[in-house]
4 protein chains.
Amino acid sequence: MEKDTKTHIITVALQLFEEKGLNKVSLNEVIKASGLSKGAFYHHFKDKKELTSTCIHYYWEDMSNNVVKLPIQDMSLKDALSMILQQFDEAIKRINEGNDNFFEMYLNMLYSIRNDEKILSMSRNYFKKFKQKLSDCIKKEIERGIIREDVDPENTALLITTCTEGHGLLSSANIYDSPNQKLEIIYDQIYKSITTK
Amino acid sequence: MEKDTKTHIITVALQLFEEKGLNKVSLNEVIKASGLSKGAFYHHFKDKKELTSTCIHYYWEDMSNNVVKLPIQDMSLKDALSMILQQFDEAIKRINEGNDNFFEMYLNMLYSIRNDEKILSMSRNYFKKFKQKLSDCIKKEIERGIIREDVDPENTALLITTCTEGHGLLSSANIYDSPNQKLEIIYDQIYKSITTK
Amino acid sequence: MEKDTKTHIITVALQLFEEKGLNKVSLNEVIKASGLSKGAFYHHFKDKKELTSTCIHYYWEDMSNNVVKLPIQDMSLKDALSMILQQFDEAIKRINEGNDNFFEMYLNMLYSIRNDEKILSMSRNYFKKFKQKLSDCIKKEIERGIIREDVDPENTALLITTCTEGHGLLSSANIYDSPNQKLEIIYDQIYKSITTK
Amino acid sequence: MEKDTKTHIITVALQLFEEKGLNKVSLNEVIKASGLSKGAFYHHFKDKKELTSTCIHYYWEDMSNNVVKLPIQDMSLKDALSMILQQFDEAIKRINEGNDNFFEMYLNMLYSIRNDEKILSMSRNYFKKFKQKLSDCIKKEIERGIIREDVDPENTALLITTCTEGHGLLSSANIYDSPNQKLEIIYDQIYKSITTK
DNA sequence: TATGAATGAGGGTTCATTCAT
DNA sequence: CATGAATGAACCCTCATTCAT
């Protein structure tokens with residue numbers, strides 16, 4: 001029962017946060033939307049910070065899992081990049097076309113990283129895993145003779161990771177008109193430069 | 001006189017915003033720090049939003065100018081990347097070692113882009129110029145025979161831009177331990193892949 | 001204008017504090033009773049503590065002044081004690097017969113002494129002055145041959161001060177039925193023991 | 001078992017009250033510290049008032065017993081006063097050097113007297129007993145020829161009681177620098193004035 | 001007897017904004 | 001142009017108490 005209420009509050013809060021932006025939602029709104037009383041809220045959470053931080057954990061875990069589940073290491077690099085492209089396409093669509101405030105939530109999460117040990121380690125883990133999967137994928141492609149032998153898998157994976165993140169940021173921020181096309185170009189550029197002729 | 005007062009307020013506000021984070025500074029603080037009265041403030045600004053958005057303009061313009069001033073197009077790509085590396089190094093140091101809240105200001109700016117026409121166009125312009133300079137630089141390097149002829153300057157410039165931005169974000173967020181070294185690897189990776197053997 | 005509002009708030013608050021007891025009065029009540037808005041209150045006071053502490057200062061100053069004004073040093077000890085007796089009689093009546101909570105205010109003041117430099121020094125000053133006046137009075141009585149020469153004025157003044165305070169406390173606390181009569185006995189006891197036969 | 005739980009709650013509460021001051025301790029704290037549940041608490045006490053008033057009873061009873069146990073009536077007045085002096089010394093030390101809030105508890109008790117029949121009668125009883133013991137002691141000293149025959153034991157006992165209480169208050173409130181020495185002077189002053197030459 | 005989730009009135013405080021002077 | 005007292009909605013949070021289990 002207790003667990004249910006807490007989860008309920010988190011769910012409601014996350015929805016509000018994504019709709020209006022984490023900083024624009026007051027505790028009163030969360031409480032009202034959750035149909036509970038003030039006291040009930042404070043029975044489950046120490047204070048507002050605990051709620052927001054918990055929500056960010058959930059949000060981040062959700063994002064991480066989506067990536068972790070991707071079977072990048074078992075695919076060809078071409079297919080892997082295609083899949084990431086598609087994933088980002090959907091995310092960007094959600095951000096730009098939806099009415100929600102997913103982007104502010106994302107920025108808040110980034111901001112929280114510097115003040116929240118747990119989120120920091122989650123984030124590092126996420127990027128580490130993402131890079132590792134790419135790296136593994138590249139190694140196999142080298143073995144298969146698709147990627148040149150002199151290519152460093154680690155460094156290439158790092159490059160892909162950062163430019164994907166940078167592209168995601170600039171797209172979310174609405175700076176690129178046709179984000180998806182841009183990412184395709186970027187991936188092509190990298191892909192061409194490491195494959196055997 | 002009027003202009004001076006306004007500029008004074010903006011300067012004071014920007015400093016506070018960078019110190020404590022845009023959302024953590026109240027109008028009262030700005031007014032107090034600027035040594036003015038409430039009425040004086042409202043004489044120069046319609047409301048708080050006008051102040052914050054003006055401040056973000058200034059902040060962004062400042063950042064832009066720093067990039068625009070870089071004579072990237074007249075340098076070798078190697079030198080250009082070195083210079084950007086150094087610039088980022090300083091910025092990251094400021095963010096991670098300083099007591100200020102530069103990063104939150106940056107995130108707020110990114111967030112504002114989606115709600116503020118003017119900032120959006122400034123941002124787009126900034127990234128366009130940055131990319132253009134890199135592109136010009138690359139073209140010249142191709143002519144000089146340093147970069148291969150089959151390399152597309154536009155796309156390569158796009159790649160450099162996005163991975164620089166992505167790397168900046170991840171470094172600011174404290175995700176990379178040795179950010180500077182990481183950026184060097186990334187640039188090396190790109191540079192090697194486009195230069196003639 | 002500013003001074004007036006602040007004084008007004010203090011007056012209203014003091015009245016409420018004396019009626020209901022300092023700990024039983026909320027800021028909302030003070031604000032409501034003063035006819036002002038929350039903002040107005042916080043314009044004049046940093047927080048509730050500043051209000052209560054200011055009120056206690058006023059309260060204490062008021063009490064002190066009543067004592068300081070007494071021309072004890074120019075009277076015979078007999079008359080001086082009579083006068084103090086009468087003063088206490090009135091105070092006790094106010095505490096016991098009135099509807100107010102003067103006593104709790106007094107206790108709160110006593111409690112504040114230990115946490116408030118200013119009140120501490122006010123209090124020490126008050127008791128010092130009271131003792132000094134009594135001491136001076138006794139010295140003159142010795143010169144007049146009314147009080148014995150071997151009597152120490154300082155120590156006797158200390159005795160009178162402490163037993164007056166002790167009696168005041170026990171009377172306020174409702175422990176003595178006929179407080180006034182008790183104080184008379186106490187004073188008589190002291191008086192007899194120091195006068196010449 | 002029930003009795004034990006109730007006593008346990010009271011013990012825990014008293015400790016908290018003396019540490020932090022009666023008004024600064026919430027029921028939640030008491031419940032948490034006692035290791036019980038909310039329901040369990042309300043099984044034993046009607047409401048918070050019942051707890052505080054019960055605690056004050058205990059506190060007061062404790063103080064009373066300490067005095068009642070003193071074999072004042074069987075001692076010489078000199079020794080009796082010495083003993084009281086020592087008792088007060090310890091109490092004052094506890095108040096001024098300790099980190100606890102014994103003094104606030106004491107003031108709260110005094111305040112409660114006026115609103116709580118039971119505490120009122122306990123208090124009256126306490127002071128009555130204290131005075132009686134002193135009075136008996138003095139009577140015996142008169143018989144022994146140590147105190148003059150014209151001294152009224154009742155009135156002298158009253159004087160000692162009130163000045164002890166007054167001194168205790170002023171010392172607790174931190175108004176006297178060297179409280180112990182002051183009390184010695186006061187007692188000396190009284191003692192000298194009633195003994196035979 | 002005992003649990004602890006839920007209640008909700010009320011607490012103190014902040015803050016952007018207005019407006020008479 | 002400038003002042004700063006006043007506004008009041010909204011904020012986060014505390015707490016004694018109730019009640020279904």
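Just so we're on the same page: letters track the sequence lines, and every chain starts at 1.
Between the CZ atom of A/F41 and the C1' atom of E/dA6 there is a distance of 14 Å, rounded to whole Å. Atom CD1 of C/I31 and atom P of E/dG10 are 15 Å apart (whole Å). Distance, B/K32 NZ to E/dT14 P: 11 Å, rounded to whole Å. Per the geometry, CD belonging to C/E50 stands 11 Å off P belonging to E/dT13, to the nearest Å. Following rounding to the nearest Å, D/I9 (CD1) and E/dA2 (C1') show an atom-to-atom distance of 12 Å. Rounded to whole Å, atom C1' of E/dC15 lies 14 Å from atom CG of B/N23. Put simply, CG on C/L51 is 14 Å from C1' on E/dT13, counting in whole angstrom units. Atom P of nucleotide F/dA6 and atom CZ of C/F45 are separated by 12 Å, given to the nearest angstrom.
Between B/V25 and B/L16, the shortest heavy-atom distance links the atoms CG2-O, 3.6 Å. Residues A/A173 and B/L110 come closest through the heavy atom pair CB-O, 4.2 Å. Here the shortest heavy-atom pairing between A/D116 and A/S53 reads OD2-OG, 3.4 Å.
D/N108 and D/E104 form a side-chain donor-acceptor contact under 3.5 Å, judged by distance and modelled atom types alone.
Taking the side chain of B/K48 as heavy atoms from C-beta on, and the options E/dA2, E/dT17, F/dC1, the nearest nucleotide is E/dT17. The side chain of C/D47 sits closest to E/dT13 out of E/dT17, E/dT13, F/dC11.
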task: Kindly indicate, with the supporting measurements, whether the criterion side-chain contact (heavy atoms from CB on, under 4.5 Å) is fulfilled by B/I56 and B/M105.
output: CA-CA 8 Å; B/I56 291 177; B/M105 191 69 187; 4.2 Å; yes
query: Between A/Y59 and A/T54, does a side-chain contact (heavy atoms from CB on, under 4.5 Å) hold up when you go through it step by step?
result: CA-CA 9 Å; A/Y59 168 89; A/T54 308; over 6 Å; no
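Each of B/L27 and C/Y42 lies near DNA chain E, and the nucleotide nearest C/Y42 is the one positioned closer to the 5' end. Nucleotides of DNA chain F nearest to C/G35 and A/K24 differ in position, and the one nearer the 5' end is that of C/G35.
At the phosphate of F/dT3, neither OP1 nor OP2 sits under 4.0 Å from any side-chain N or O atom of B/H43. In terms of phosphate contacts, B/T5 brings no side-chain nitrogen or oxygen within less than 4.0 Å of OP1 or OP2 of F/dC1. Taking 4.0 angstrom as the limit, C/H44 places none of its side-chain polar atoms (N or O) nearer than this to OP1 or OP2 of F/dG4.
When atom types are taken as modelled, the side chain of D/H8 and the backbone of D/S34 share a donor-acceptor pair closer than 3.5 angstrom. For the pair A/Q15 (side chain) and A/V12 (backbone), a donor-acceptor distance under 3.5 Å is absent.
Side-chain contact check for A/F103 versus A/N174: every heavy-atom pair is 4.5 Å or farther apart.
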Nucleotide pairing, DNA chain F (Watson-Crick or G-U, distances under 3.5 Å), in dot-bracket with [ ] and |: .||||||||||||||||||||
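Annotation: salt bridge (charged side-chain N to carboxylate O under 4.0 Å, His left out) contacts involving residues 35-56 of chain B, sequence neighbours excluded, are absent.
Taking atom C1' in both E/dT1 and F/dT21, one finds a spacing of 13 Å when rounded to whole Å.
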Short heteroatom pairs, N/O only, protein and nucleotides 8-10 of chain F, under 3.5 Å:
from: F/dG8; atom 1: N7; to: C/G39; atom 2: N; distance (Å): 3.3
from: F/dG8; atom 1: O6; to: C/G39; atom 2: N; distance (Å): 3.0

